[in-house]
Amino acid sequence: MKEFWSKRIREMTPYVPGEQPRDRIFIKLNTNECPYPPSPRALEAIRAAAGDGLRLYPDPECLELRQTIARRYRVSQNQVFVGNGSDEILAFAFQAFFDPEREIVFPRVSYSFYPVYTQYFGLNCRRVEMNPDFSVPVDALCGDNGGVVLANPNAPTGMALTLDEVERLVQSNPQAVVIVDEAYVDFGADSAVPLIQSYPNLLVVQTASKSRALAGLRVGWAMGNSNLINALRCVRDCFNSYTVDRVAAAGLKAAMEDEGYFQSIRGRVMAARDKTARRLSDLGFTVLPSRANFLFVTYPGLSGAALQDGLREKGILVRRWDDPVIADWLRITVGTDQEMDVLLRALSELTGA
Ligand SMILES: *Cc1c(COP(=O)(O)O)cnc(C)c1O
């Protein structure tokens, strides 16, 4: 029943996030969280921020945090925006940069929030088909578009474009903003951040949720020309001046200052990913080359649904989509080495390999 709902909301099909189980204990390989805890320095800063200061509103401009991010990525603080997770920043960017009259483009197989935002904000999109090997069809995204949205590495394939390819895309859309969603870039892809100095139409979005093990804190950031950053501030200030709370700002700042811990956990995830990919290939799986903290895999002769259900019965959650192009593929988050051992044992039982 949708009585009292506005017309617009009645017609919305919202994004469905991966399951967060409450009832039984699963090995959770379905939402690309980090298997390791956040930086101890971040946790200490979070505890310190959870005190008397919470009486006061946070700094709406998050100046200290933006300075830290600016130093870390060698940009200036007026080229940095922070928000309540990168999903929120993406939502702001769709409103800030796109108009219904000019069609935006993104790959057919990509982050499922993009079509939801397109509908929610009354925009029009063209979804371009993937190359046969599931790579992003760069040429099809070049041209006179109303905007481009690219996840690099892409989700859920895990495949990445080179920096040259991203630059070609940005260069070939001079009249439109190109959003590069780098949620997974720290797991081995090239970041487009150095390009923001040369291209006033490029916005790069990153998050603390994956490579910095802070999905529960809800904080992300965007980097781009200060003109683009000001448009994001304008959208935010029409909606909620305080999207990043004191605890989140302190936690991300400390996490960014703990470079050693960051390097160590992303290294462990990448090593486990490459080892798991080899073992899955040995079992007979087709595994796309991943630059992310997950693997996108299929098994000849078994449906994706059967594999997903079989894993669930064995206490392992993975993600799958109904789009026929990828319905037989599973997206498996890279967990700890022990979790990967359990996964591989389960898959070898299910496939009889
Ligand atoms: C996880 C993810 C995000 C969302 O990250 P939050 O910062 O947790 O909102 C954005 N884009 C892609 C492609 C993701 O996979």
Side-chain angles (χ1 to χ4, degrees), residues 14-20 28-35 38 42 62 65 69 80-94 106-118 120 127 130 134 136 148-161 166 178-189 191-192 203-223 232 236 240 243-245 247-249 251-252 255-256 266 269 273 288 290-296 317-321 323 326 329-334:
Y15 175 77
V16 183
E19 177 182 356
Q20 294 291 353
K28 256 193 105 272
L29 306 176
N30 66 334
T31 48
N32 297 343
E33 289 142 329
C34 182
C62 297
L65 173 58
I69 296 171
V80 179
F81 179 84
V82 295
N84 190 303
S86 55
D87 286 339
E88 181 189 75
I89 299 176
L90 290 167
F92 287 178
F94 272 61
F106 46 83
R108 159 139 176 206
V109 175
S110 195
Y111 189 34
S112 13
F113 239 127
Y114 307 152
V116 175
Y117 290 145
T118 302
Y120 187 55
R127 305 176 70 169
M130 311 308 284
F134 280 108
V136 167
V148 181
V149 189
L150 174 80
N152 195 46
N154 195 16
T157 64
M159 293 170 74
L161 296 182
V166 174
V178 176
I179 300 174
V180 181
D181 177 353
E182 293 189 346
Y184 301 104
V185 75
D186 296 324
F187 301 106
S191 173
L203 187 81
V204 177
V205 182
Q206 297 196 2
T207 176
S209 299
K210 314 303 178 17
S211 58
R212 293 179 192 270
L214 288 168
L217 202 59
R218 308 306 304 131
V219 59
W221 60 99
M223 292 167 283
L232 293 173
R236 179 198 60 206
N240 175 3
T243 56
V244 177
D245 64 65
V247 175
L252 178 58
M256 281 242 164
R266 81 183 183 105
V269 169
R273 171 193 68 203
L288 294 189
S290 172
R291 300 290 185 93
N293 66 341
F294 55 83
L295 292 164
F296 201 52
L317 298 180
V318 298
R319 196 89 200 261
R320 194 186 66 79
W321 287 267
D323 180 342
I326 52 169
W329 291 74
L330 301 181
R331 191 198 68 188
I332 306 175
T333 304
V334 175

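Atoms within a ligand are numbered from 1 in the order they appear, just like the ligands themselves.
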Strictly under 4.0 Å, does any heavy atom of [X] approach an atom of ligand 1?
{"X": "Tyr184", "answer": "yes"}
{"X": "Glu88", "answer": "no"}
{"X": "Ser86", "answer": "yes"}
{"X": "Asn32", "answer": "no"}

From Ile179 atom CD1 to Phe94 atom CZ, the distance as rounded to the nearest 0.5 Å:
5.5 Å
Distance from [atom] to nearest protein heavy atom, with residue and atom:
{"atom": "atom 13 (C) of ligand 1", "result": "Asp181 OD2, 3.3 Å"}
{"atom": "atom 1 (C) of ligand 1", "result": "Lys210 NZ, 1.4 Å"}
{"atom": "atom 4 (C) of ligand 1", "result": "Asp87 OD1, 3.1 Å"}

Go through ligand 1 atom by atom and flag the ones less than 4.0 Å from a non-hydrogen atom of [X].
{"X": "Ser209", "value": "6 (P), 7 (O), 8 (O)"}
{"X": "Gly85", "value": "7 (O), 9 (O)"}
{"X": "Arg218", "value": "6 (P), 8 (O), 9 (O)"}

Any side-chain to backbone donor/acceptor pair from [X] onto [Y]? Under 3.5 Å, distance only.
{"X": "Asp323", "Y": "Ile326", "result": "no"}
{"X": "Arg266", "Y": "Asp186", "result": "yes"}
{"X": "Arg108", "Y": "Arg127", "result": "no"}
{"X": "Asn30", "Y": "Leu317", "result": "no"}

Examine the side chains of Asp87 and Tyr15 and answer whether a donor and an acceptor come within less than 3.5 Å of each other.
no
Please check if the distance between the ring centroids of Phe294 and Tyr184 is under 6.0 Å.
yes
Polar contact flag for Tyr111 and ligand 1 (N/O pairs, less than 3.5 Å):
no
Of all the heavy-atom pairs spanning Ile69 and Val80, show the shortest one and how long it is.
CG2-CG1, 3.8 Å
